[in-house]
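Remarks on the structure that follows.
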Amino acid sequence: MGFAVSAATAQTIGFSQIGSESGWRAAETTLTHQEAEKRGIDLKFADAQQKQENQIKALRSFIAQGVDAILLAPVVATGWDSVLEEAQEAEIPVVLLDRMVDSSKDLYLTAVGSDLVHEGNVAGKWLVDATDGEACNIVELQGTTGSSPAIDRKKGFEDAIAGHDNLEIIRSQTGDFTRTKGKEVMESFLKAEDGGKNICALYAHNDDMAVGAIQAIKEAGLKPGEDILVVSIDAVPDIFKAMAAGEANATVELTPNMAGPAFDALAAYMKDGTMPPKFIQTESKLFTPDDDPMAVYEEKKDLGY
């Protein structure tokens, strides 16, 4: 009988995940499953394959199933009001993971995430220091158009380089957070800028696009990390490999364990109604080749990235 009792008390939580567009996203999924298992939570997982309509369908299905709570990593920031209102009417708390929505704050319990503007800022400050006043033309690979990381990581970086006239973003285009698109867009940047001779640095909104771009830089006969500095965000294992090989210069970590703090906040709320802060912020750590990249790679490589 012991099993039936524990099954009855185990919470059922729906998790609407964007997809697996990046290694970081895959690690977030792995860690969410691990954290749920640790706590005896029955996690219902839905992969939206980067489409908002799939996420809205998944949320409606979770509501219909009467889950105890919902975790949502929103693919874009707008268009969530109706479905979040439906969850609220059903008295199902929603926690946002790693991205924000443009809805009223009372439609979700809390959001767990990094300060995305701050991440861009850390990346920009690194480049300001690295170039030390020398003229530097920057190309930028933006994340998915309309997503909060693309908007905020661009803003933070631009704020950091503002007032440093030696630094200028000469080209900026979305690479959709994927390696393939990152490589493709970088190829067009290199062609447009004298085979890359006119480019001093690449700022990529995530490591996966940077990894694709590094390939393009090598194929163009240049040395990534030397001829073109590479700074990106996420800290996925492969960027540490690139760093160890001298092909990348800096990455800002976005921790993939957003679920741990989310489950803790939900547990306290369900136990006695404790309201969490509206935003639970994770740390944004800068890594460079001085941080023993291969050791970091070993630590991270089995997390599903």
Side-chain angles (χ1 to χ4, degrees), residues 11-19 21 24-25 28-29 31-33 35-36 39 41-48 50-119 143-144 146-153 155 254-284:
Q11 291 166 335
T12 302
I13 295 179
F15 175 29
S16 170
Q17 177 60 292
I18 293 171
E21 82 286 2
W24 184 88
R25 182 78 39 207
E28 181 188 43
T29 298
L31 280 158
T32 304
H33 282 291
E35 291 288 330
R39 293 167 169 80
I41 289 167
D42 172 17
L43 191 73
K44 297 200 177 298
F45 178 75
D47 177 336
Q50 273 124 292
K51 292 189 177 73
Q52 183 177 32
E53 61 267 30
N54 292 346
Q55 288 202 292
I56 290 171
K57 257 187 222 146
L59 260 57
R60 292 204 162 118
S61 153
F62 293 151
I63 294 165
Q65 290 169 55
V67 297
D68 298 308
I70 292 171
L71 302 181
L72 167 66
V75 64
V76 289
T78 54
W80 298 101
D81 290 9
S82 313
V83 74
L84 289 176
E85 279 161 13
E86 290 164 34
Q88 196 170 54
E89 276 159 30
E91 296 181 358
I92 299 170
V94 175
V95 176
L96 304 178
L97 294 192
D98 79 77
R99 294 187 180 188
M100 302 301 286
V101 296
D102 288 343
S103 298
S104 158
K105 284 191 167 74
D106 59 13
L107 287 177
Y108 56 88
L109 181 69
T110 182
V112 179
S114 162
D115 179 333
L116 296 158
V117 176
H118 177 62
E119 289 175 348
T144 305
S147 69
S148 59
I151 297 161
D152 293 348
R153 287 174 178 176
K155 183 186 182 333
L254 171 65
T255 174
N257 187 8
M258 302 276 170
F263 289 142
D264 291 347
L266 281 167
Y269 174 73
M270 288 170 176
K271 188 174 164 226
D272 55 18
T274 306
M275 288 304 281
K278 270 295 163 191
F279 186 70
I280 299 168
Q281 188 175 332
T282 57
E283 190 197 357
S284 306

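Hydrogens, waters and symmetry mates are skipped; everything else that's a heavy atom, side chains included, is used.
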Those residues that, when tested against [X], pass side chain to side chain contact (heavy atoms under 4.5 Å, CB included) (two or more places apart):
| X | result |
| --- | --- |
| A111 | L96, M100, Y108, F279 |
| P261 | V112, N257, I280 |
| I151 | none |
| D115 | V117, H118, Q281 |

Could you pull out the closest heavy-atom pair between A36 and L43, with the gap in Å? CB-CB, 4.0 Å
All N/O donor-acceptor pairs, side-chain side in residues 73-83, below 3.5 Å, sequence neighbours left out:
{"residue": "W80", "atom": "NE1", "partner": "V76", "partner atom": "O", "Å": "2.8"}
{"residue": "D81", "atom": "OD1", "partner": "S103", "partner atom": "OG", "Å": "2.6"}

Which value, rounded to the nearest 0.5 Å, describes the distance between [X] atom [atom1] and [Y] atom [atom2]?
| X | Y | atom1 | atom2 | result |
| --- | --- | --- | --- | --- |
| Q52 | I18 | CD | CD1 | 10.5 Å |
| S104 | Q88 | OG | CD | 8.0 Å |
| L72 | L97 | CG | CG | 7.5 Å |
| L266 | I70 | CG | CD1 | 10.5 Å |

Provide the full list of salt bridge (Lys or Arg N to Asp or Glu O under 4.0 Å) pairs with a residue in residues 265-279, sequence neighbours left out, each pair given once. none
All ring-ring contact (aromatic ring centres under 6.0 Å, His included) counterparts of F263, not counting sequence neighbours: none
Is there a donor-acceptor pair under 3.5 Å between the side chain of [X] and the backbone N or O of [Y]?
| X | Y | result |
| --- | --- | --- |
| N54 | A48 | yes |
| E119 | P149 | no |
| D68 | T12 | yes |

Going through the checks in order, is the side-chain contact (heavy atoms from CB on, under 4.5 Å) test met by R153 and L116? CA-CA 6 Å; R153 287 174 178 176; L116 296 158; 3.9 Å; yes
Show your reasoning for whether side-chain contact (heavy atoms from CB on, under 4.5 Å) applies to E283 and T255. CA-CA 7 Å; E283 190 197 357; T255 174; over 6 Å; no
How would you list, by chain and number, every residue that makes a side-chain hydrogen bond (donor to acceptor under 3.5 Å, both in side chains) with Q55, sequence neighbours excluded?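 If we apply the side-chain hydrogen bond (donor to acceptor under 3.5 Å, both in side chains) test to Q55, skipping adjacent residues, the hits are S16.
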Name all residues meeting the side-chain hydrogen bond (donor to acceptor under 3.5 Å, both in side chains) criterion together with T110; count only those two or more places apart in sequence or in a different chain, and write none if there are none.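 Partners of T110 under the side-chain hydrogen bond (donor to acceptor under 3.5 Å, both in side chains) test: none.
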Could you check whether any side-chain heavy atom of K44 comes within less than 4.5 Å of a side-chain heavy atom of F15, counting everything from C-beta outward? no
Selection residues 90-99 - residue pairs positive for side chain to side chain donor-acceptor pair (under 3.5 Å), sequence neighbours left out: R25-D98
Which residues pass the salt bridge (charged side-chain N to carboxylate O under 4.0 Å, His left out) test with K155, not counting sequence neighbours?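 So K155 forms a salt bridge (charged side-chain N to carboxylate O under 4.0 Å, His left out) with D159.
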Answer yes or no: does atom CZ of F45 have more than 12 heavy-atom neighbours from other residues, nucleotides or ligands under 6.0 Å? yes
Evaluation steps, side-chain contact (heavy atoms from CB on, under 4.5 Å), between E28 and Q17: CA-CA 9 Å; E28 181 188 43; Q17 177 60 292; 3.0 Å; yes
Only one of L109, D264, T274 forms a side chain to side chain contact (heavy atoms under 4.5 Å, CB included) with Y269, so which one is it? L109
Anything under 3.5 Å between a donor and an acceptor, one on a side chain of residues 56-65, the other on a protein residue two or more places apart or in another chain? List them.
{"residue": "R60", "atom": "NE", "partner": "E86", "partner atom": "OE1", "Å": "2.8"}
{"residue": "R60", "atom": "NE", "partner": "E86", "partner atom": "OE2", "Å": "3.3"}
{"residue": "R60", "atom": "NH2", "partner": "E86", "partner atom": "OE2", "Å": "2.7"}
{"residue": "S61", "atom": "OG", "partner": "Q65", "partner atom": "NE2", "Å": "2.8"}
{"residue": "Q65", "atom": "NE2", "partner": "S61", "partner atom": "O", "Å": "3.3"}

